[in-house]
Amino acid sequence: MYDSMASSSEEKGFLIFCRCANLNMTSVKVFTYAVEQAFQQSTAKLDFFHFSG
């Protein structure tokens with residue numbers, strides 16, 4: 001009884017760990033994408049001001 005409960009809790013913990021890892025990978029991809037978009041927008045604004053100036 002105790003062994004089965006321990007193994008099931010370990011499996012749950014492992015599944016939660018895998019889900020967290022996947023979520024972290026997704027958030028990292030979204031974060032890098034957002035940074036790239038912001039960087040492109042900032043450089044576009046700089047180019048616009050450079051040409052207009």
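Keep in mind that the numbers below use all heavy atoms, side chains included, and drop hydrogens, waters and symmetry copies.
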> Quick one: CZ on F31 to CD on E36, what's the gap to the nearest 0.5 Å?
Replying inline: 11.0 Å
>> Test side chain to side chain contact (heavy atoms under 4.5 Å, CB included) on Q37 and Y33; report intermediate values, then the result.
In response: CA-CA 6 Å; Q37 292 296 313; Y33 176 77; 3.5 Å; yes
> In Å, rounded to the nearest 0.5 Å, how long is the span from CG of L23 to SG of C18?
Replying inline: 11.0 Å
